[in-house]
Amino acid sequence: MPTTASIDLSNITHFVVNEGHGVKGLSEMGLQELPKQYIQPIEERITTAEEKNKHSKENSSTNNVRYGTSFAPKAEKALEWKDDPEPFYVSDEEAAALWPSVLRDEALKFLRNSEIVIKKLLGALMEKLNVKEIDQTKESLLMGSKRINVNYYPKCPNPELTVGVGRHSDVSTLTILLQDNIGGLYVKKFDSDMWVHVPPIHGALVINIGDALQIMSNGRYKSIEHRVMANGNNNRISALFVNP
Ligand SMILES: O=C(O)CCC(=O)C(=O)O
Ligand SMILES: [Fe+2]
């Protein structure tokens with residue numbers, strides 16, 4: 001189980017890569033255990049069309065589970081070159097009933113471990129704002145809701161014509177991101193137009209401060225714009241815990 005007891009917060013102001021520090025368990029647990037289905041080449045993934053269709057925006061039996069894809073132009077107008085199931089957590093019962101079975105167990109494990117990390121990080125970040133104790137009745141507001149994204153970016157024949165994910169900031173308090181070893185995530189340098197690559201580091205998580213934390217901290221912590229480039233040579237996968 002991950003702990004963050006020894007996290008050095010001196011560098012945490014916006015988007016950082018933070019290696020080790022006891023969250024290693026989570027990152028090691030992460031990507032290699034995600035269902036093989038999510039790391040297959042696109043041609044093989046076509047066999048999962050039925051499952052995708054079941055969870056598409058139009059057909060999903062709940063708003064809490066959606067399969068976003070850029071490969072069904074009718075269902076999805078976005079031009080991004082990715083597939084991303086986005087289960088939103090309400091309860092174990094609902095997850096058992098409605099989440100795609102192919103990722104349910106791993107996604108729930110990732111969600112639980114991420115929650116522990118986020119709780120500790122938020123506690124420490126709040127302490128830096130002189131909030132010594134978080135009122136238990138308000139903690140859930142700070143923690144937000146719970147969503148997992150599993151982003152799959154297939155190799156793209158014309159990467160110069162599209163993007164993996166367009167520039168945006170996350171609505172979350174904190175996002176926990178596990179990326180594989182391909183790379184392609186860029187963050188916009190604060191107060192500048194420069195984009196900086198976030199290198200994949202084995203055993204490291206990327207922790208992103210989102211809009212909610214920027215608002216709650218009166219701008220002391222900055223939510224930062226980021227984007228993912230499309231890749232002409234490799235498939236890429238990332239998994240995110242977001243608390244919008
Ligand atoms: O895939 C990534 O590295 C980042 C994806 C992202 O920013 C998002 O899904 O909000
Ligand atoms: Fe993002």
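Computed over heavy atoms, backbone and side chain alike; hydrogens, waters and symmetry mates excluded. We count ligands from 1, going down the list as the structure has it; atoms in each ligand are counted the same way.
- For Q179, the heavy-atom gap to ligand 1 stays at 4.0 angstrom or more.
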H226/K188 under side chain to side chain contact (heavy atoms under 4.5 Å, CB included): CA gap, chis, key distance, verdict: CA-CA 6 Å; H226 52 286; K188 189 164 162 290; over 6 Å; no
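- Contacts between L177 and ligand 1, counted as non-hydrogen atom pairs separated by less than 4.0 Å, involve the side chain only.
- For the Fe ion (ligand 2), the neighbouring protein N/O/S atoms at less than 2.8 Å, given as residue and atom, are H168 NE2, D170 OD1, H226 NE2.
- Y89 and V117 end up in the same hydrophobic cluster when Ile, Leu, Val, Met, Phe, Trp and Tyr side chains are linked at under 4.5 Å.
- Linking ILVMFWY side-chain heavy atoms closer than 4.5 Å, directly or via other members, places I215 and V171 in two distinct hydrophobic clusters.
- Scanning the protein heavy atoms around atom 9 (O) of ligand 1, the nearest turns out to be N151 ND2, 3.1 Å.
- When D170, N208, T175, D211 are each tested for a side chain to side chain donor-acceptor pair (under 3.5 Å) with S223, only one passes: D211.
- Note on ligand 1: H168 sits in its first shell, one or more heavy atoms being nearer than 4.0 Å.
- The contact set between ligand 1 and H226, taken as ligand atoms under 4.0 Å from a residue heavy atom, comprises 7 (O).
- Here V242 has no heavy atoms under 4.0 Å from ligand 1, in either its backbone or its side chain.
- Side chain of D180 to backbone of R236: no donor-acceptor contact under 3.5 angstrom is found.
- Interface atoms of ligand 1 facing N149, defined by a heavy-atom separation under 4.0 Å, are 9 (O).
- Using a distance-only test at 3.5 Å, with no hydrogens or angles considered, no donor-acceptor pair links the side chain of Q179 to the main chain of L205.
- Residues L111 and L178 are members of one and the same hydrophobic cluster, defined by side-chain heavy-atom contacts under 4.5 angstrom among Ile, Leu, Val, Met, Phe, Trp and Tyr.
- Residue-level proximity to ligand 1 for R236 is carried by the side chain, the only part with a heavy atom below 4.0 angstrom.
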Evaluation steps, side chain to side chain contact (heavy atoms under 4.5 Å, CB included), between K155 and N234: CA-CA 5 Å; K155 187 163 106 177; N234 295 293; 5.8 Å; no
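- When heavy-atom distances to ligand 1 are checked against a 4.0 Å cut-off, D170 comes that close only through its side chain, counted from C-beta outward.
- When the options V228, L178, T175, N208 are ranked by their closest heavy atom to atom 4 (C) of ligand 1, first place goes to V228.
- Distance check: Y186 OH to R227 CZ gives 8.0 Å after rounding to the nearest 0.5 Å.
- Annotation: the span from Y221 atom OH to Q214 atom CD amounts to 12.5 Å, rounded to 0.5 Å.
- Checked by atom type and distance alone, the side chain of N158 never pairs as donor or acceptor with a backbone atom of L161 at under 3.5 Å.
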